[in-house]
Each structure stands twice: as structure tokens, then as C-alpha cells.
Amino acid sequence: MHIEILLLACVLTTTAQKLRTFSVALSSSPIYPNETEILNHTLSADSSFGVLTHFWVTGEPALDFATFSYYIDGETQPSIVFIPSMLVGAGFNDQAAPWGTKWMGKGANERGWFNNFRVPFQKSIRVTGKLASSETQSFTLPINARLVLQKIENRLYEALDFVTVANITTGQGFLLSHTLAVSSASINFIEGCYHAYTEYDQPFPGEGISTGTEDYFDSAFTFDAGQFHFEISGFTHFKNQEGTFELSAYRMHDMDPIFFTNGFRFVWRNGDLLDDRGVKCILESGGHPAGSPAKSIVTSYAWVYVW
Ligand SMILES: *[C@@H]1O[C@H](CO)[C@@H](O)[C@H](O)[C@H]1NC(C)=O
Ligand SMILES: *[C@@H]1O[C@H](CO)[C@@H](O)[C@H](O)[C@H]1NC(C)=O
Ligand SMILES: *[C@@H]1O[C@H](CO)[C@@H](O)[C@H](O)[C@H]1NC(C)=O
């Protein structure tokens with residue numbers, strides 16, 4: 001199978017203090033069930049850093065299940081591995097198009113996925129592709145920052161379980177973006193609130209980040225206005241079929257970054273609890289469930305800059 005792919009990047013040349021652009025644009029590039037190299041770029045001696053700025057890919061349907069890996073500064077294990085649909089904030093391989101934000105989108109009916117998250121490196125960057133085996137505004141990132149992708153893939157959670165979507169034990173950084181895809185026999189998982197622990201050992205409830213799942217994604221009342229793709233948030237997929245609810249959404253945090261100083265946990269809940277006054281998000285246990293949340297299957301991406 002073949003794909004078409006574009007990666008754009010720039011490097012800082014220290015001698016001249018100039019930013020130079022480099023890219024790889026491959027048409028009909030082979031991609032196999034084994035891992036195949038797309039780009040291997042080492043900075044020249046007069047360059048101090050580089051940044052990947054743009055990723056775009058299209059190809060045959062099997063591409064949707066292919067993984068792409070970024071090896072930063074000679075890593076033997078890639079620190080970033082993703083599939084294209086979740087890279088642009090759409091779960092369940094939702095092919096709805098065209099739509100786009102400054103961060104990501106999809107400009108063709110079939111594939112045409114793109115993303116503009118900046119991936120910094122200091123020495124080298126290597127990008128590979130592999131088919132699935134079955135098929136902040138005024139803030140400047142420190143020069144040693146890394147973009148880390150933390151994932152949950154099709155994991156089953158019981159009703160009211162806490163789902164840790166980002167788990168960074170030490171260090172400083174901020175949350176850039178989060179995409180959640182859930183399927184469940186009950187829509188009441190949507191009552192689940194988000195909590196940010198901006199120090200790893202901070203106790204419950206940490207910092208409350210939303211009063212429900214759809215509220216976190218800037219909607220309300222079970223997304224009663226339907227699907228949308230805003231610059232900072234989107235409700236990308238919904239299906240209610242044969243007793244199963246499927247939902248996916250994305251949220252960008254560049255306008256409202258969640259900084260942390262000593263490790264970080266970002267936690268969603270599969271449904272939530274009410275106290276006797278009917279107040280939600282403040283009980284770890286006890287109280288009364290909001291509605292009747294059920295087991296849910298969760299896929300999540302959390303993109304976190306760390307340094
Ligand atoms: C991957 O598989 C292809 C096709 O079978 C083969 O040509 C290529 O050499 C393999 N690459 C690696 C790195 O094993
Ligand atoms: C990538 O390129 C560098 C520098 O040219 C080379 O040393 C390295 O072996 C290459 N990596 C792979 C996996 O081919
Ligand atoms: C978070 O990571 C730490 C260190 O790897 C691990 O001990 C802990 O169990 C993880 N927490 C969750 C909820 O996955």
C-alpha cells in the first residue's frame with residue numbers, strides 16, 4: 001500500500017540566527033506492516049534546535065489504522081506514536097469532512113488528516129509509519145521541552161471509575177490537548193467531571209476543570225446543539241445504536257493552559273456522584289450516582305509539554 005505524506009519543519013541556525021525550513025513530501029510512499037522510515041533528519045553542526053510544524057497524510061483506507069512514530073533526539077523507543085484520526089481529535093475513525101481549525105482537521109472525504117502541533121527536538125528527528133498488523137500565546141516553550149503523548153486504547157472502566165488520561169510523575173509542563181472517545185450502554189458517563197492535579201501528590205478533588213464531560217468540551221446539556229468543530233473544542237462523533245452510545249470530542253488548551261510544576265495528573269470520571277444537596281464533582285465516594293452510569297470503553301489521547 002502507498003500513502004502521500006507531508007512533514008514540514010524548521011531549524012534554527014545559530015551562526016546566522018536564522019530559521020530555515022525543511023520538509024519531506026512523499027507521493028506514493030510505500031508503507032508496510034513492518035516499520036518503514038519516512039524521515040531521518042539530523043541537525044547540522046550550526047543548528048541548535050528544530051521543530052516539526054505540520055503533518056498531513058492521505059492514502060488508501062488501511063492508512064486509517066496505521067501508526068506513525070516520532071523518535072526524538074536518538075530515542076530507541078519513540079516517545080510519540082499515534083493514529084491519524086485521533087491525531088486530529090476524531091474518534092471511531094469518523095471521516096466527516098471538510099473541517100479544520102488552526103490546529104488540525106480533515107479536508108477530504110477520505111483521509112486528508114492534518115495536524116499542526118509543534119514537536120521540538122535538539123539533535124535529530126526520525127519519523128516512521130507502520131500499517132496495523134490486521135490492516136500558549138505569550139508563553140515560550142523552554143528549549144528543552146518535549147511533547148509527550150499519553151494514551152488509553154479501548155480500555156474497559158467500571159461505572160464511576162476514575163480514568164487518568166495524563167500521568168506525569170515529575171517535572172514541569174502544561175497540558176496542550178485532550179481527545180476522548182467513549183462507548184457505553186448508558187449516556188450517563190457524560191456526567192463525569194475533569195480534575196487536574198498540578199502537583200502529582202495533590203489530593204482529590206485537585207483543580208476542578210469541568211462540571212461534566214460535555215461542559216469540558218465547551219457545550220452543555222448533553223451536547224444539545226449537536227456536533228461542532230471550534231478552534232479550541234469539538235464534538236466530533238455521536239451515535240446511539242442498539243443500546244450503545246458512542247461519543248468523541250477534542251479540547252485544545254493553548255488559550256487556557258493548565259501548567260504544572262511538580263508532576264501532573266489529569267483525570268476524567270466515568271459518570272459522577274451527587275451529594276445530598278445535588279452538587280456534583282466534589283465526592284470521591286458515597287453520595288448518589290448522577291443517573292445510571294454503566295461500564296465504558298475508553299480511548300484517550302493527552303498531549304503534554306514537559307520539561
Ligand atoms: C518491510 O517490508 C518490505 C516489504 O516486504 C521490505 O521490502 C522492507 O525491506 C521491510 N523493511 C524492514 C525495515 O524490514
Ligand atoms: C539516521 O541518520 C543518522 C545520521 O545520518 C544516522 O546516524 C542514523 O543511523 C540514521 N538512523 C537510522 C535508523 O537509519
Ligand atoms: C502513574 O504512573 C506511575 C509511575 O509509572 C504509576 O506508578 C501509577 O500507577 C500510574 N497511575 C495510573 C493511574 O496509571
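Both ligands and their constituent atoms are indexed starting at 1 by order of listing.
- Shortest contact from atom 13 (C) of ligand 2 to any protein heavy atom: R126 NE, 3.1 Å.
- The distance between the ring centers of F189 and Y157 does not fall below 6.0 angstrom.
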Step by step, work out the ring pair (Phe, Tyr, Trp, His ring centres under 6.0 Å) result for F204 and H195. CA-CA 8 Å; F204 180 88; H195 300 265; 5.1 Å; yes
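- Taking only nitrogen or oxygen atoms, main chain and side chain alike, N167 reaches within less than 3.5 Å of ligand 3.
- Looking at R126, its side chain never comes within 3.5 Å of a backbone N or O of N40 through a donor-acceptor pair.
- Protein heavy atoms are absent from the space less than 4.0 angstrom from atom 7 (O) of ligand 3.
- Protein heavy atoms are found inside the 4.0 Å sphere centred on atom 2 (O) of ligand 2.
- Here's the thing with N40: one of its N/O atoms is less than 3.5 angstrom from an N/O atom of ligand 2.
- Side chains of T222 and D224: a donor-acceptor N/O pair is absent below 3.5 angstrom, by distance only.
- Side-chain atoms of Y200 and N167 form a donor-acceptor pair, as typed in the model, at a separation below 3.5 Å.
- Those atoms of ligand 3 with a heavy atom of T164 less than 4.0 angstrom away are 13 (C).
- Ion pairing of E158 with K295 is present here, as a side-chain N (NZ or NE/NH1/NH2) and a carboxylate O approach within less than 4.0 Å.
- The nearest protein atom to atom 5 (O) of ligand 2, hydrogens excluded, is given as T42 OG1, 4.2 Å; this is a heavy-atom distance.
- Those atoms of ligand 3 that come under 4.0 Å of a heavy atom in T169, given as number and element, are 2 (O), 3 (C), 4 (C).
- Distances below 4.0 Å separate heavy atoms of Y200 from the following atoms of ligand 3: 1 (C), 2 (O), 3 (C).
- Shown in contact with E37 at under 4.0 Å from a heavy atom are these atoms of ligand 2, numbered in order with element: 12 (C), 13 (C), 14 (O).
- Taking the six-membered ring for Trp and the full ring otherwise, the centers of F235 and F217 sit at least 6.0 Å from each other.
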